[in-house]
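For the numbers below, each heavy atom of this structure counts, side chains included, while hydrogens, waters and symmetry mates do not.
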Amino acid sequence: MRLTKSTDIALRIAMRLAVLDDRGDAPTTREVAGAVQVPYTHAAKVVSRLQHLGAVEARRGRNGGLSLTRKGRTGPLGSLVRELEGVGDVVGCEDDPPCPLRGGCRLRGALRAAQEAFFAALDPLSIEDLVGTPTGPLLIGLSPRPED
């Protein structure tokens with residue numbers, strides 16, 4: 001299974017925020033986008049989605065910035081990835097044109113079970129678990145790329 005680019009960006013942003021929260025920093029979306037090397041527009045959409053899911057808090061103004069919520073820091077990683085990925089089949093059985101085997105195929109159910117096993121393997125982990133050594137120091141050391 002392969003995660004969408006948005007989910008990948010969301011996880012990188014959450015991990016970066018986790019280590020910065022530990023230091024008392026509250027970076028802007030632009031700063032985080034530069035550090036994890038993604039376009040600002042993509043990062044802004046992902047941060048908005050993470051806010052909607054309750055994983056990130058964004059504060060405006062002079063002392064504003066982004067921070068990870070308790071849910072974002074310690075919640076089950078599998079749940080976060082499920083939410084980010086959305087529900088859907090791994091294969092396009094109902095695409096246009098629909099698969100001619102969809103009425104009696106057992107592959108769809110097997111792939112759905114495999115997908116759930118993938119998410120379940122992430123459930124015991126949290127973002128907090130992912131930012132220990134050696135990842136945490138690497139995340140702290142990231143410097144923003146030059147503006148495009």
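- The distance from the CG atom of Leu11 to the CG atom of Leu130 is 8.0 Å, given to the nearest 0.5 Å.
- Note that SG of Cys93 and CG of Leu107 are 7.0 Å apart. Values are rounded to the nearest 0.5 Å.
- The OG atom of Ser67 lies 4.0 Å from the CZ atom of Arg59; values are rounded to the nearest 0.5 Å.
- Shown here for Ala10 and Leu50, the closest heavy-atom pair between the two residues is O-CD1, 3.9 Å.
- Here the shortest heavy-atom pairing between Gly72 and Leu68 reads C-CG, 3.8 Å.
- Nearest heavy-atom pair across Leu80 and Ala55 is CD1-CB, 4.4 Å.
- If you chain together hydrophobic residues whose side chains sit under 4.5 Å apart, Leu3 and Leu77 fall into the same group.
- Lys5 is linked by a side-chain contact (heavy atoms from CB on, under 4.5 Å) to Asp8, Ile9, Arg12, counting only residues two or more places apart in sequence or in another chain.
- Contact check for Val32 versus Leu17: side-chain heavy atoms found under the 4.5 Å cut-off.
- With Lys45 contributing its side chain and Tyr40 its backbone, the two residues share no donor-acceptor pair below 3.5 Å.
- Taking CG of Leu138 as the reference point, atom CE of Met15 lies at 8.5 Å (rounded to 0.5 Å).
- With Ser48 contributing its side chain and Ala44 its backbone, the two residues share no donor-acceptor pair below 3.5 Å.
- Partners of Glu128 according to the salt bridge (charged side-chain N to carboxylate O under 4.0 Å, His left out) rule, which considers only residues two or more places apart in sequence or in another chain, are Arg73.
- In terms of modelled atom types and a separation under 3.5 Å, the side chain of Arg16 and the main chain of Leu139 share a donor-acceptor contact.
- Across Thr69 and Gly54, no two heavy atoms sit closer than the pair OG1-O, 2.6 Å.
- A distance of 5.5 Å separates CG in Leu84 from CG in Leu53, rounded to the nearest 0.5 Å.
- Here Arg82 pairs with Glu116 in a salt bridge; the nearest charged N to carboxylate O distance falls below 4.0 Å.
- The minimum heavy-atom distance linking Ile127 with Ala18 is given by the pair CG2-CB, 3.9 Å.
- When every heavy atom of Gly75 is checked against every heavy atom of Ser126, the shortest pair comes out as O-CB, 3.4 Å.
- Here CD1 of Ile13 is found 11.0 Å from NE2 of His42. Values are rounded to the nearest 0.5 Å.
- When each of Leu66, Val46, Thr29 is tested with Val56 by the rule side-chain contact (heavy atoms from CB on, under 4.5 Å), just one qualifies, namely Leu66.
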Worked verdict on Thr7 versus Glu85 for side-chain hydrogen bond (donor to acceptor under 3.5 Å, both in side chains): CA-CA 7 Å; Thr7 298; Glu85 287 290 304; 2.6 Å; yes
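- With sequence neighbours excluded, no residue forms a side-chain contact (heavy atoms from CB on, under 4.5 Å) with Ala114.
- Between Glu57 and Arg70 there is no side-chain heavy-atom pair separated by less than 4.5 Å.
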